[in-house]
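Below is one structure; the comments refer to it alone.
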Amino acid sequence: MPAASYLVGACWVCFRRGLSGPGAAGDPLWAAAVVVDAGRIVGQRVVGGYASGPYVPGMLALRLGPQFEDVVRRLTPWPEVLLLDATGDDHPRRAGLALHLGAALDLPTVGVTHRPLLATGVWPADEAGATSPLTIGTDQVATWLRTRPGTRPLVVHPAWRTDLEVSVRVVEASLAGRRTPEPLRSARQAARRARAGQ
DNA sequence: GCGACAG
DNA sequence: ATCTTGTCGC
């Protein structure tokens, strides 16, 4: 039997260039979602829309939740896991957007961010694959992951139906030699391309 | 009062 | 998010 396809999805939202500060409801945006199979894009959707509210730390879902849900629902084929720039348990109410979106879509999710929201932890060694825990109190809620030497580590957040171990494994498997997982890069590129067309 | 603060 | 600037390395 052939090896099973491993379909990894990702979604991204970008705003008009030059927008600064927290923004507001009604900000024009472009949302993109992709599905990648062994490094190849096998599904892609892009949609224009408007922000539901301003950006407030801890309430990202109120700004972008409906837009992410809308674009991902249009995706075919359906991925096995979805990556997005958001947190899971690293949140004031242990309910970051990655958790919300996975629950709403009944789809396993993994958050990937540049920095933690509340959690703290020392950076891992400067070697590919090095990790260190990010904790809130005594609970590990996310993992620092050095995806490439000499670059800032990423924060990997377990979210809907994923755990600390699986989330790191999914991210490492989708790096394709870059610092950022390839599906997320593709989704960002698709959103920006749509923006450029307007 | 001041800085921090997923995107 | 998005912008700018500067630096390092291939």
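Each chain gets a letter, A, B and so on, in the order its sequence line appears, and its residues count up from 1. Please read all numbers here as calculations on a predicted model, not as lab measurements.
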Note to self: Which helical stems does DNA chain C take part in, if a stem means at least 3 consecutive Watson-Crick or G-U pairs with both distances below 3.5 Å?
What the structure shows: none
Does [X] use its side chain to pair, donor to acceptor, with the backbone of [Y] at less than 3.5 Å?
X: R195(A); Y: F15(A); result: yes
X: Q140(A); Y: A142(A); result: yes
X: R93(A); Y: G58(A); result: yes
X: T131(A); Y: T143(A); result: no

How would you label the contact of [X] with the nucleic acid (heavy atoms, under 4.0 Å): base, sugar-phosphate, or nothing?
X: W30(A); answer: nothing
X: G18(A); answer: sugar-phosphate
X: H157(A); answer: nothing
X: F15(A); answer: sugar-phosphate
X: T113(A); answer: sugar-phosphate
X: G21(A); answer: base
X: G58(A); answer: base

Next item on the list: Kindly assign one of parallel, tilted or perpendicular to the pair H91(A) and H100(A), based on the angle between their ring planes and the thresholds 30° and 60°.
Entry: tilted
Checklist line | Outermost DNA chain B nucleotides near chain A [under 4.0 Å, heavy atoms] | finding: dC5(B) to dG7(B)
Check: Are H157(A) and T113(A) close enough that a side-chain donor and a side-chain acceptor fall under 3.5 Å?
Finding: yes
Kindly list each side-chain donor-acceptor pair under 3.5 angstrom involving residues 79-87 of chain A, sequence neighbours excluded, with atom names and distances?
{"from": "E80(A)", "atom 1": "OE2", "to": "L7(A)", "atom 2": "N", "distance (Å)": "3.1"}
{"from": "T87(A)", "atom 1": "OG1", "to": "D90(A)", "atom 2": "O", "distance (Å)": "2.9"}

Note to self: Closer than 4.0 angstrom, basic N to acidic O: yes or no for D126(A) and R146(A)?
What the structure shows: yes
Checklist line | Electrostatic pair R178(A)-E182(A), nearest N-O below 4.0 angstrom | finding: no
Margin query: Between C1' on dA1(C) and CG on D85(A), what's the gap in Å once rounded to a whole number?
Written below: 9 Å
Next item on the list: Return the value, rounded to whole Å, for the distance between atom CG of L29(A) and atom P of dA1(C).
Entry: 14 Å
Checklist line | Pair pattern of DNA chain B in dot-bracket, where unpaired bases get dots and | marks partners in another strand, Watson-Crick or G-U under 3.5 angstrom | finding: .......
Residues, nucleotides or ligands: over 12 heavy atoms within 6.0 Å of [X] [atom1]:
X: R40(A); atom1: CZ; value: no
X: R193(A); atom1: CZ; value: no
X: R152(A); atom1: CZ; value: yes

Margin query: Tell me whether the side-chain N/O atoms of R192(A) come closer than 4.0 Å to OP1 or OP2 in dT2(C).
Written below: yes
Considering only distance and modelled atom types, tabulate donor-acceptor pairs under 3.5 Å from the side chains of residues 48-57 of chain A, sequence neighbours left out.
{"from": "S52(A)", "atom 1": "OG", "to": "Q67(A)", "atom 2": "NE2", "distance (Å)": "3.1"}

Notebook entry, point to check: Along nucleotides 5-10 of chain C, 5' to 3', which nucleotides get a B, which get an S, and which get a -, given that the test is a protein heavy-atom distance under 4.0 Å?
Noted result: ------
Notebook entry, point to check: Between L101(A), D106(A), L105(A), V110(A), which is the residue that forms a side chain to side chain contact (heavy atoms under 4.5 Å, CB included) with W160(A)?
Noted result: D106(A)
